Amino acid sequence: MLHVNSISKTYHSKAALSDISLTVQPGESIGVIGESGSGKSTLGKIILGLEKPEQGDVHFRGSNLHTLKGQALKASRRHLQIVFQDPAGSLNPKLLVWKSVVEPLENFPDVIPSFLKEVRHDRKKMAEVLFQKVGLSSELLERYPHQLSGGQKQRIAVARGISLEPDLLVCDEPTSSLDVSVQAQVLNLLKKLQRDLNLSLLFISHDIAAVQFMCERIVVLKEGLAVDSFLTEDLFSESRHPYTRLLVEMSMEQEYK
Amino acid sequence: MIENNTPATCENNLLVVENLSVIIRNSREKLIRNLHFSISQGEIFGLVGESGSGKSLTATVILGMISKSLEVTSGSVKLGQSEITSLSERELRNIRGKEIAYLSQNYQSFFTPFIKVGQQFIEIIRCHTDISRKEAKKVAIHWLNKVHLPAERVFNSFPDELSGGQLQRASIASAIMFQPRLIIADEPTTALDVLTGERILDLLSELKEELNCSILLISHDLKHIINRTQTVGVMYGGQIVEIGKTSAVLSNPIHPYTNLLLQSRLRLNKHIQHELPTMLGEPGSMAEEGCPFSKRCPSVMKSCSNIVPMSSLGSHHSAACHLMNAEREERYVTR
Ligand SMILES: Nc1ncnc2c1ncn2[C@@H]1O[C@H](COP(=O)(O)OP(=O)(O)OP(=O)(O)O)[C@@H](O)[C@H]1O
Ligand SMILES: Nc1ncnc2c1ncn2[C@@H]1O[C@H](COP(=O)(O)OP(=O)(O)O)[C@@H](O)[C@H]1O
Ligand code: SF4
Ligand SMILES: [Mg+2]
Ligand SMILES: [Mg+2]
């Protein structure tokens with residue numbers, strides 16, 4: 001469904017990504033991990049069509065994402081949604097949160113997601129269904145973003161992200177700014193939605209534990225290069241790249257006795 | 001104030017916080033309640049708890065920097081022989097930076113943009129000591145080397161030319177220049193990736209040994225608390241609900257909050273989990289009376305609306321939960 005074919009990108013003559021390829025099948029979840037500056041977000045932005053690669057191309061649902069224009073581009077947008085790291089920054093502070101959640105549905109009046117069939121005519125009812133989907137109480141519908149906690153805001157962002165029933169959801173560090181206990185809630189939610197809606201997921205994070213929990217396959221980026229790529233169950237295998245092994249080692253807890 | 005010997009009664013405690021309470025002046029809302037803990041010489045003490053539980057606020061009280069809208073209603077904070085809560089602003093300024101260093105999560109804003117890092121080091125040094133610019137530069141370079149940075153280059157850089165990890169190292173260098181006795185590190189790695197974060201904590205441990213100081217490590221990441229601290233205090237709703245030797249608290253958590261915190265943490269696993277255990281209710285919801293955790297506690301019972309005292313389980317571990325007494329009574333009755 002998504003094919004990234006040997007893309008490269010440079011900023012100020014420094015390579016941010018070199019020759020990256022990856023494929024995401026329908027319903028599959030892929031994790032991208034790496035240190036700060038390794039190119040994770042750049043990859044995300046290119047896949048979302050927000051940046052253009054200098055070399056290589058990205059095919060999404062059969063067409064080249066970076067040559068699409070007009071209606072075709074808009075149509076592909078509907079199938080491709082994102083959840084960002086900063087829950088505060090991704091919501092309009094002046095808009096009641098329920099309005100933020102249904103905004104994408106207003107931009108695409110013809111789209112009828114399966115879980116909104118019965119209520120498609122009623123904006124408020126759609127918001128209620130979406131709130132329910134992400135485990136938010138309907139008491140919060142009439143609030144502004146600053147009146148919600150980080151975890152609640154992030155769930156609003158997820159509700160918005162799934163509102164059009166996209167094929168692919170890109171999450172860039174969706175839980176890095178959240179507290180441990182809230183992190184667990186949001187990850188459980190994402191995993192459940194991914195299964196229920198048969199979403200494909202591209203999950204970008206520097207936290208291997210989060211990626212291990214969420215994804216079936218993992219790609220490791222180091223200074224713009226994909227140094228390792230494997231099935232999650234092989235994370236601890238002897239044949240892992242030394243850099244992957246280092247990341248794993250750093251993420252382990254000591255045993256306490 | 002300089003003290004040259006520690007009385008034996010102090011058991012080499014560097015910092016002692018006793019019965020500390022803080023409220024919001026206007027609303028009289030309690031933010032910190034009867035806080036009690038001490039940090040001994042040379043140890044790393046961890047403070048863990050969800051966001052809003054009062055970790056940073058505790059740090060600001062220790063630094064004597066609490067906002068004008070808040071009020072300390074009871075208790076004392078002693079660093080060595082000095083009572084922080086009764087010092088003048090001038091005395092406090094002398095202690096901050098010199099005796100206590102503060103590292104924050106927002107290392108991004110530690111340095112002023114558009115002024116070279118070296119320039120800012122010189123300002124800080126000359127603010128605390130009476131030396132020439134040339135000598136001050138030597139001092140700055142010395143400490144930048146200590147935190148394993150390319151000293152000359154960083155000295156001549158603007159803040160935005162450095163990476164997150166480099167900036168955090170530079171802020172550590174400037175914090176330790178006066179060889180403080182206590183370093184307060186408030187979520188020092190939260191904004192950094194795993195590798196960079198671990199290297200920063202390695203550096204802090206190394207500096208602790210070299211300067212023979214203590215560290216108060218504030219974090220919501222249990223991995224760091226487990227890997228790095230000797231003693232831990234678990235905070236919920238402005239109170240420490242469990243405290244003790246890190247190994248004792250983690251291997252035998254008593255308080256339901258500590259337990260849930262341990263269970264819901266993300267960690268690398270040999271077998272992949274299908275669902276992460278989570279806590280009931282919303283973070284930050286705090287009961288007004290009795291146990292602050294009672295709104296979210298799976299074992300809540302009638303007596304939980306009464307105040308819970310701290311009870312100890314041996315010399316290195318105590319907790320504040322009615323379950324402890326209930327269990328004791330049960331044992332007594334069945335016997
Ligand atoms: N708009 C830009 N202009 C110049 N350089 C950029 C730009 N965006 C990214 N870069 C550079 O490209 C490299 C990769 O950046 P990217 O944001 O993809 O990293 P990342 O892996 O997402 O890091 P983090 O974990 O910190 O989010 C970095 O060296 C970064 O400084
Ligand atoms: N200056 C202030 N005025 C009013 N409330 C404050 C102030 N500073 C902190 N608080 C409140 O005190 C509580 C503890 O905050 P803080 O110590 O920052 O938590 P954390 O454990 O996340 O560091 C929170 O409820 C916070 O909103
Ligand atoms: S005192 Fe009661 S409510 Fe509080 S943690 Fe113990 S059992 Fe739960
Ligand atoms: Mg990024
Ligand atoms: Mg804080």
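As the structure is a prediction and not an experimental result, all values here were calculated from the model.
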key: Contact origin within Gln183(A) toward chain B - heavy atom pairs under 4.5 Å   = side chain
Enclosure of Glu139(A) CD (heavy-atom neighbours >12, cutoff 6.0 Å) = no
query = Between CE of Met250(A) and CG of Leu201(B), what distance do you get to the nearest 0.5 Å?
reply = 10.5 Å
key: Residue Glu275(B) versus chain A: region with a heavy atom under 4.5 Å   = both
task = Select one option (side chain, backbone, both, neither) describing which atoms of Ile33(A) are under 4.5 Å from chain B's heavy atoms.
result = neither
inquiry  = Distance check, rounded to the nearest 0.5 Å: Phe213(A) atom CZ versus Leu266(B) atom CG?
reply    = 7.5 Å
inquiry  = A quick test of your reading: do over 12 heavy atoms of other residues, nucleotides or ligands sit less than 6.0 Å from NZ of Lys30(B)?
reply    = no
Closest contact, heavy atoms only, Lys223(B) versus Ser251(A) = CD-O, 3.4 Å
Contacts with chain B made by residues 17-32 of chain A (heavy-atom distance under 4.5 Å), listed by residue number = none
message = Quick check on the structure: residues of residues 185-198 of chain A within a heavy-atom distance below 4.5 Å of chain B, by number.
response = Gln185(A), Leu187(A), Asn188(A), Lys191(A), Arg195(A)
message = Please give me the minimum heavy-atom distance between Ser264(B) and Ala184(A), naming the atom from each residue.
response = O-CB, 3.7 Å
key: Over 12 non-hydrogen atoms of neighbours within 6.0 angstrom of NZ in Lys245(B)   = no
ask   = Nearest 0.5 Å, what's the CD-CG distance between Glu249(A) and Leu268(B)?
value = 11.5 Å
query = Which region of Val211(A), side chain (C-beta onward) or backbone (N, CA, C, O), has a non-hydrogen atom less than 4.5 Å from a non-hydrogen atom of chain B, or is it both or neither?
reply = neither
message = Check this for me: Gln230(B), atom CD, are more than 12 non-hydrogen atoms of other residues, nucleotides or ligands nearer than 6.0 Å?
response = yes
query = Partners of Ser315(B) by side-chain hydrogen bond (donor to acceptor under 3.5 Å, both in side chains), sequence neighbours excluded?
reply = none
inquiry  = For chain A, which candidate among Thr278(B), Leu222(B), Leu195(B) shows the most heavy-atom pairs at distances under 4.5 Å?
reply    = Leu195(B)
key: Contact list for residues 159-169 of chain B, test salt bridge (charged side-chain N to carboxylate O under 4.0 Å, His left out), sequence neighbours left out   = none
ask   = From Ile226(B) CD1 over to Met252(A) CE, what is the distance, rounded to the nearest 0.5 angstrom?
value = 12.0 Å
ask   = When you look at CD of Glu206(B), are more than 12 heavy atoms from neighbouring residues, nucleotides or ligands closer to it than 6.0 Å?
value = yes
